[in-house]
Amino acid sequence: MLYQAVAPFLDDPDPAVADSALSAALAFAEDPGLAGQRDGLAERARRLLLTCDTRWRRWQALDALTAWGHDTTGFARPGDDDRSPYVTGPSWPDNPPF
């Protein structure tokens, strides 16, 4: 039901709205009942990876594509694998910032 609520916004002319809808749809598509939507979302995720500079949206798109068995070769940028933009250095595993 939630996927159906955001699906119309995937084609919104405002990129911020479309990207937000895609973000929600990628999360909802983890439900096995929505597996049929994944190929269409994968194509949108690939387009997002070509145009988007927002790190967490890129992470989400890369994670979804990888989880669904899609090849992400060529889509990753330097820093896409750095999941902690706020903490740097080798002390993170033993000294979390909280």
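As a basis for the values below, the full set of heavy atoms in this structure was taken, side chains included, without hydrogen atoms, waters or symmetry mates. Numbers for residues simply follow the sequence, beginning at 1.
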Provide the full list of side chain to side chain donor-acceptor pair (under 3.5 Å) pairs with a residue in residues 33-42, sequence neighbours left out, each pair given once.
-> Tyr3-Gln37

Ignoring hydrogens and geometry, is there a side-chain-to-backbone donor-acceptor pair from Ser23 to Asp19 under 3.5 Å?
-> no

Lys/Arg N to Asp/Glu carboxylate O, Arg46 vs Asp71, below 4.0 Å | no

Please name the pair of heavy atoms, one in [X] and one in [Y], separated by the smallest distance, quoted to 0.1 Å.
X     : Y     : result
Leu34 : Phe28 : CD1-O, 3.2 Å
Leu48 : Ala61 : CD2-CB, 4.0 Å
Trp68 : Ala29 : CZ2-CB, 3.7 Å

Would you give the length of the straight line joining atom CG of Leu26 to atom CG of Leu65, rounded to the nearest 0.5 angstrom?
-> 7.5 Å

Does any non-hydrogen side-chain atom of Leu49 lie less than 4.5 Å from one of Thr72?
-> no

Would you sort out whether Leu50 and Phe75 count as a side chain to side chain contact (heavy atoms under 4.5 Å, CB included), showing the intermediate values?
-> CA-CA 7 Å; Leu50 293 173; Phe75 286 105; 4.0 Å; yes

Go through the steps for Leu10 and Leu41 under the test side chain to side chain contact (heavy atoms under 4.5 Å, CB included), then give the verdict.
-> CA-CA 9 Å; Leu10 291 169; Leu41 291 173; 4.0 Å; yes

Among all residues two or more places apart in sequence or in another chain, which pass the salt bridge (Lys or Arg N to Asp or Glu O under 4.0 Å) test with Arg57?
-> none

